[in-house]
S.K.: 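Have a look at this one before I ask anything.
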Amino acid sequence: MPELPEVEVVRLGLERHVVGATITAVEVLHERPVRRDPRGPSGFAAALTGRTVTGARRRGKYLWLPLDNGDALLGHLGMSGQMLVQPAGAPVERHLRVRFALDFGGRGGRPAELRFVDQRMFGGLLVSAGGAGLPSEIAHIARDPLDPEFDDDLFVQRVRRRSAGVKRLLLDQGLISGVGNIYADEALWRARVHGDRPGERLTRKQVTELLGHAREVMAAALVQGGTSFDALYVNVNGESGYFDRSLHAYGREDQPCDRCGTPIRRIAFMNRSSYFCPRCQPVPRVRRV
DNA sequence: CACGGTGCCTGAGAGC
DNA sequence: TGCTCTCAGGCACCGT
């Protein structure tokens, strides 16, 4: 389950190992990952063949590779997606969905393949017409809190004008991107705020602190993940060591809160779970109607 | 428009 | 052993 730090590691790997390559062939082995491409699988392949990758960029959990004609290959890893750079002809992965043959021309690089591997196929790829700068498909996605241009004050203002629960707001890609279920729970635990608290009932200070905690959790994970890729292999590993050592709330149902010892509670939330300390993060008294 | 609920997917693991 | 059920969750989508 790649969160933003893992996606950034993938971006760095793509920047190092794919930029400058020309795509000489595209093979779509499963059509679901290209379902959002209006051209369909064959059009997708045709739009990429012959193009040269000029960059590797990211917004939130979306990645895109600007191409030499102004289009872009836009991708999302979803729950289980991986971007692998493999030597041409390497054994095929079990859940390989799309493969791209890469040519590095006269720069000494051996033939390689970019491979999109995705077990659950929540992720996907598409060619964004004219999307090299910022694909229109993700124009609604906000910046992430590690982005130097993220506007803290604007985020605080917007949260405080919303009546939805603050956890839902943390997961709202239009307000802030890159915060997944795990980091949302961790940031809320650190800030001692319950996720059901309406945004409009939080103080400016509380929202600012919550944002700071989200940023810290993500930055710490990024430092850990940033060391984990080698020369020709770009991987996503949701089981990074960071998760094992540093989680205070997520996945810790019935285990004592690291601050006060009260058992961590788990509640259903958006077809998944929320974990929180019932003492440090009291449930709001006034339920929303 | 904001809100809150649901479906998409596969495989691991639990329970019987 | 082998079946069925639950869970994982980012995001689009939809009804209100």
Side-chain angles (χ1 to χ4, degrees), chain A residues 1-8 10-11 28-38 58-64 74-83 93-98 116-126 128 135-145 155 157-188 194-201 214 218 221 236-240 243-244 247 249-254 266-275 284 286-289:
Chain A
M1 55 193 91
E3 300 253 2
L4 180 136
E6 289 80 17
V7 179
E8 174 61 13
V10 172
R11 190 198 67 77
V28 177
L29 292 98
H30 197 301
E31 63 179 41
R32 179 163 173 80
V34 298
R35 65 193 177 282
R36 288 185 63 196
D37 193 306
R58 178 182 64 75
R59 173 163 290 200
K61 295 178 187 174
Y62 282 94
L63 292 162
W64 75 97
L74 175 64
H76 195 292
L77 301 177
M79 280 289 294
S80 53
Q82 294 175 294
M83 293 279 196
E93 294 78 7
R94 180 168 180 198
H95 300 295
L96 177 62
R97 307 305 187 189
V98 184
F116 182 70
V117 177
D118 189 4
Q119 179 208 119
R120 289 180 230 184
M121 295 186 287
F122 275 33
L125 302 172
L126 63 84
S128 174
S136 60
E137 292 84 355
I138 58 168
H140 63 290
I141 303 290
R143 293 179 186 275
D144 68 71
F155 174 75
Q157 271 182 37
R158 293 175 73 185
V159 166
R160 298 189 68 233
R161 273 193 257 114
R162 299 277 294 267
S163 64
V166 66
K167 179 167 179 182
R168 207 180 168 101
L169 298 177
L170 282 174
L171 298 176
D172 183 336
Q173 302 296 299
L175 284 177
I176 182 171
S177 66
V179 182
N181 197 41
I182 297 171
Y183 295 161
D185 279 1
E186 291 304 305
L188 288 163
H194 193 287
D196 284 346
R197 291 273 299 277
E200 63 191 5
R201 294 189 54 237
M218 295 164 80
V236 174
N237 183 359
E239 307 300 322
S240 67
F243 289 164
D244 301 336
L247 296 182
Y250 182 83
R252 297 195 65 238
E253 183 177 21
D254 296 334
R266 173 188 163 197
I267 56 175
F269 174 79
M270 286 173 77
N271 279 341
R272 62 212 63 177
S273 298
S274 284
Y275 299 88
V286 183
R287 300 297 189 134
R288 282 166 289 130
V289 281

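Per chain, numbering begins at 1; letters A, B, ... match sequence-line order. As the structure is a computational prediction, the values presented were derived from the model and not from experiment.
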S.K.: Taking atom types as they are modelled, is there a donor-acceptor pair under 3.5 Å from the base of B:dG5 to the side chain of A:N271?
M.R.: no

S.K.: Go through B:dG5, B:dT10, C:dA8 for me and flag the one nearest to the A:R168 side chain.
M.R.: B:dG5

S.K.: Which comes earlier along DNA chain B counting from the 5' end, the contact point of A:M270 or that of A:R161, where each point is its nearest nucleotide?
M.R.: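 With A:M270 and A:R161 compared, the 5'-side residue is A:R161.
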
S.K.: Base, sugar-phosphate alone, or nothing: which one does A:F269 contact when heavy atoms must sit under 4.0 Å apart?
M.R.: nothing

S.K.: Report the nucleotide, chosen from B:dG7, B:dG4, C:dC7, that has the shortest atom-to-atom distance to any side-chain atom of A:R272.
M.R.: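 So the side chain of A:R272 is nearest to B:dG7.
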
S.K.: The side chain of A:R162 is closest to which nucleotide in this list: B:dG11, C:dA12, B:dA2?
M.R.: B:dA2

S.K.: Of the nucleotides B:dG5, B:dC3, B:dG11, which one has an atom closest to the side chain of A:A164?
M.R.: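 Looking only at side-chain atoms, A:A164 lies closest to B:dC3.
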
S.K.: Would you kindly give the CG-to-C1' distance between A:L171 and B:dG5, to the nearest whole Å?
M.R.: 14 Å

S.K.: Tell me: CD of A:E200 to C1' of B:dC3, nearest whole Å?
M.R.: 12 Å

S.K.: Stepwise, does the side chain to side chain contact (heavy atoms under 4.5 Å, CB included) test hold for A:L77 with A:K61?
M.R.: CA-CA 8 Å; A:L77 301 177; A:K61 295 178 187 174; over 6 Å; no

S.K.: Within the structure, does a side-chain N or O atom of A:Y183 lie under 4.0 Å from either OP1 or OP2 of C:dG10?
M.R.: no

S.K.: Among A:D185, A:D172, A:D196, which residue meets the side chain to side chain donor-acceptor pair (under 3.5 Å) test with A:K167?
M.R.: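 Considering A:D185, A:D172, A:D196, a side chain to side chain donor-acceptor pair (under 3.5 Å) with A:K167 is found only for A:D185.
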
S.K.: Please state whether the phosphate of B:dC3, meaning OP1 or OP2, lies under 4.0 angstrom from any side-chain nitrogen or oxygen of A:S163.
M.R.: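 For B:dC3, OP1 or OP2 has a side-chain N or O of A:S163 closer than 4.0 Å.
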
S.K.: Can you tell me the distance, in whole Å, between the NZ atom of A:K61 and the C1' atom of C:dA12?
M.R.: 15 Å

S.K.: Within the 4.0 Å heavy-atom criterion, would you say A:H30 contacts the bases, only the backbone, or no part of the nucleic acid?
M.R.: nothing

S.K.: Is the distance from OP1 or OP2 of B:dT10 to the nearest side-chain N or O of A:S80 less than 4.0 Å?
M.R.: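 Checking A:S80 against B:dT10: no side-chain N or O falls below 4.0 Å of OP1 or OP2.
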
S.K.: If you take atom types as modelled and just measure distance, does the side chain of A:R94 reach the base of B:dG11 with a donor-acceptor pair under 3.5 Å?
M.R.: no

S.K.: Choose from C:dA12, C:dG10, B:dT10 the nucleotide whose nearest atom is closest to any side-chain atom of A:M121.
M.R.: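 Shortest atom-to-atom distance from the side chain points to B:dT10.
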
S.K.: Between A:R97 (side chain) and A:Q119 (backbone), is there a donor-acceptor pair under 3.5 Å?
M.R.: yes

S.K.: Pick the nucleotide of DNA chain C nearest each of A:R36 and A:R266; which residue has the one closer to the 5' end?
M.R.: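 Its nearest nucleotide being more 5', the pick is A:R266.
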
S.K.: Which nucleotide sits closest to the side chain of A:R120: B:dT6, B:dT10, B:dC3?
M.R.: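 Side chain of A:R120 sits closest to B:dT10.
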
S.K.: Figure out the CD1/P separation between A:I141 and C:dA12, and round it to whole Å.
M.R.: 5 Å

S.K.: Taking A:R120 for the side chain and A:S80 for the main chain, is one N or O donor matched with an acceptor at less than 3.5 Å?
M.R.: no

S.K.: Are A:V117 and A:R94 packed together at the side-chain level, in the sense that at least one heavy-atom pair is separated by less than 4.5 angstrom?
M.R.: no

S.K.: If I take atom CZ in residue A:R197 and atom C1' in nucleotide B:dC3, what distance separates them, rounded to the nearest angstrom?
M.R.: 19 Å

S.K.: With nearest nucleotide decided by heavy atoms, which residue, A:D172 or A:H95, maps closer to the 5′ end of DNA chain B?
M.R.: A:D172

S.K.: Could you give me the CA-CA distance, side-chain angles and deciding distance for A:M218 and A:Y183, then say whether side chain to side chain contact (heavy atoms under 4.5 Å, CB included) is met?
M.R.: CA-CA 7 Å; A:M218 295 164 80; A:Y183 295 161; 3.6 Å; yes

S.K.: Tell me the interatomic distance from A:K167, atom NZ, to B:dC3, atom P, rounded to whole angstroms.
M.R.: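 A:K167 atom NZ is separated from B:dC3 atom P by 17 Å.
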
S.K.: Report the distance from atom CZ of A:R35 to atom C1' of C:dC13, rounded to the nearest whole Å.
M.R.: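 Taking CZ of A:R35 and C1' of C:dC13, I get 13 Å after rounding.
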
S.K.: Taking atom P of B:dT10 as reference, at what distance in whole Å does atom CG of A:L77 sit?
M.R.: 18 Å

